Structures are given as structure tokens and as C-alpha cells.
Amino acid sequence: MAFDVDSYASSAHRLRWDDLELDRFRTDRLSDGALRCLRYMSDVETHTVCYLRDLLVTPSHRDPEVTTFLTLWNYEEYWHGEVLDRVLEMHGVPTGPEHTHALRTRLGWQDRVAPMVQSTLANVIGPDFIATHMTWGAINEWCTHAGYSRFVKVEQNPLLTEILQRIAKQETRHIAFYNSQARRRLAESPRARRITRFALRHRWGIVGSGVMPEPEIRHLLNYLFGGTDGLAEARRIDAKIDTLPGLDGLHLVERELTRHGLR
Ligand SMILES: [Fe+2]
Ligand SMILES: [Fe+2]
């Protein structure tokens with residue numbers, strides 16, 4: 001399950017949508033629930049660079065394979081946020097630098113101290129922290145990919161489907177990197193397994209929950225994972241997490257559905 005970082009770096013690319021007629025959304029509008037979900041997803045994709053800030057102050061920055069990946073990963077995620085913003089704009093939803101600036105300002109002092117806290121904790125842990133980072137990445141990418149796949153099924157809009165499938169295709173490569181890294185690093189170190197399990201149990205929340213307001217998290221989870229099919233998808237993600245060394249039985253995604261009042 002080796003991942004070739006060099007080949008990823010030379011083939012990573014800006015998501016293209018210039019061949020798609022996004023104008024069609026002006027007449028064939030998405031549902032209000034879908035737009036609210038898109039707003040969430042775009043905000044979180046756009047926030048990737050801020051997550052990257054918090055990761056480069058940890059031991060992860062000393063591993064050149066990891067930093068090569070993160071450089072291009074951040075680039076691809078940026079364009080995911082951009083295309084989702086274009087869809088929102090077609091519906092008259094305000095986007096752009098002012099919106100993003102307001103979101104980052106809203107995060108307040110906790111956001112300002114986050115790199116210091118993360119740096120202190122991660123450097124005390126040492127190189128085993130990288131296993132936790134890679135596992136977190138794998139789980140978040142699994143959730144993101146599942147989220148886009150569910151979005152396609154729930155909204156059933158052909159043009160949106162095309163966009164989301166293009167994004168999801170790139171997410172599968174992100175999954176491949178994090179998954180191979182996490183698996184190897186967890187298998188090599190019992191201490192990494194213990195620390196990662198502890199961190200996930202006590203600190204993990206659904207993607208974006210650290211930056212989005214509670215009503216938006218609840219809406220997203222309800223829209224994508226509400227109902228029987230959604231719950232089945234959540235359990236499929238949990239089953240994938242179970243296969244990582246030392247991480248069986250955590251039920252992280254299902255726990256999030258309960259925590260945010262869905263179950
Ligand atoms: Fe993305
Ligand atoms: Fe991704």
C-alpha cells in the first residue's frame with residue numbers, strides 16, 4: 001500500500017470546471033438545505049491553509065515526504081473551496097475574501113493560541129505525533145469523501161454531481177496518502193497507537209466542527225447522514241477506522257451523530 005509522493009506531487013492539479021455551465025444553477029437552483037451544506041463545505045475546504053499552519057509547528061514538518069504531500073494537498077483543497085464558492089455565487093450567496101476574513105476573525109483568541117498549544121503538545125510527544133496527525137488526516141478524508149458521495153445521492157442534481165465527483169476523485173488520493181502513512185506508523189509504534197487512540201477518543205470531532213457554529217454542524221450531519229442510509233454510511237466509515245492498528249471499536253462518526261443530537 002505504498003504511496004508514491006513524487007508522482008502525486010507532479011500530478012496534483014487545480015480542479016477544472018471551465019467546461020461546465022455553472023450558469024445553469026441560476027434557473028435550476030439547488031435546495032436551501034444543499035446550499036447551507038455547500039457553505040459549510042466551502043468554508044472548511046478554504047480553511048485548509050489554517051489547519052496547515054497548525055501542523056507545520058509540529059514534528060510533522062521534519063518529514064520531507066509529509067511536507068511535500070501537504071504542500072500539494074493544500075493547493076488542491078484551495079480549489080475545492082473555490083469551485084464550491086462559484087456554485088454559491090450563482091445562487092446569490094456572498095463569498096470571497098470578506099466572508100473568509102469574517103470567519104477567521106470569529107474564531108477569536110482560541111485560534112490565535114492554537115499553534116502554540118499544538119506545537120507544545122506535539123513536540124513533547126515527539127515523532128509519534130506524526131502517526132496521530134496522519135490518522136486524523138485519514139479519518140477526515142474518509143469523512144469528506146463520504147460526505148460528498150452522500151451529497152450526490154441526497155440532492156440528485158446532475159451538474160452538482162459532476163462537480164462533487166471531480167472533488168471526490170482528488171479526495172481519494174488524499175485518503176491513499178494518509179491511510180498508508182497512518183497504517184505504517186501505527187503498526188510500528190505501540191506508543192503512537194496509545195496516543196492516537198487517546199487523542200481521537202477525547203478530541204476528535206466531525207470535519208469542520210472546530211470552526212463551524214453548532215447549528216451548521218447539526219444541519220450538515222442531518223442533511224448528509226440523517227436517515228437509515230446516512231447512518232449506514234457513518235458506520236461504514238467507523239468500520240474503516242476499526243481496521244487501523246490499535247483503533248478498533250471507537251465508533252467516532254456514530255458518536256458525533258449522537259453528540260449533535262441526531263440519534
Ligand atoms: Fe477537499
Ligand atoms: Fe482532501
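Throughout, residue positions are numbered sequentially from 1 according to the sequence presented. Numbering of ligands and ligand atoms starts at 1, following listing order. Remember, it's a predicted structure, so these values are computed and weren't measured experimentally. Computed over heavy atoms, backbone and side chain alike; hydrogens, waters and symmetry mates excluded.
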Open item on the list: Can you confirm whether the side chains of Glu77 and His80 place a donor and an acceptor under 3.5 Å from each other?
Closed with: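 A pair is found: one side chain offers a donor N or O, the other an acceptor, under 3.5 Å apart.
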
- [ ] Specify whether an N/O/S atom of His174 falls short of 2.8 Å from the Fe ion (ligand 1).
- [x] no

Task: the Fe ion (ligand 1) - name of the N/O/S atom of Glu77 that sits closest to it - done: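 The Fe ion (ligand 1) is closest to the Glu77 atom OE1, counting only N, O or S.
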
Task: Name of whichever N/O/S atom of His80 is nearest to the Fe ion (ligand 1) - done: ND1

Task: Test of ring centre spacing under 6.0 Å for Tyr178 and His174 - done: no

- [ ] Nearest 10° is fine: what angle sits at the Fe ion (ligand 1) between OE2 from Glu171 and OE2 from Glu45?
- [x]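 My answer is 90°, to the nearest 10°.
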
Open item on the list: Apply ring pair (Phe, Tyr, Trp, His ring centres under 6.0 Å) to residues Phe151 and Tyr223 and explain how you reach the verdict.
Closed with: CA-CA 8 Å; Phe151 206 159; Tyr223 180 86; 5.4 Å; yes

TODO: Could you check if a side-chain atom of Leu200 sits within less than 4.5 angstrom of a side-chain atom of Trp136, using non-hydrogen atoms only?
DONE: yes

Task: Atom name, Glu141 (N, O or S, nearest to the Fe ion (ligand 2)) - done: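 So the atom name we want here is OE1.
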
- [ ] Measure across Leu30 and His91 and return the closest heavy-atom pair with its distance rounded to 0.1 Å.
- [x]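 Looking at all heavy atoms of both residues, the shortest contact is N-NE2, 3.0 Å.
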
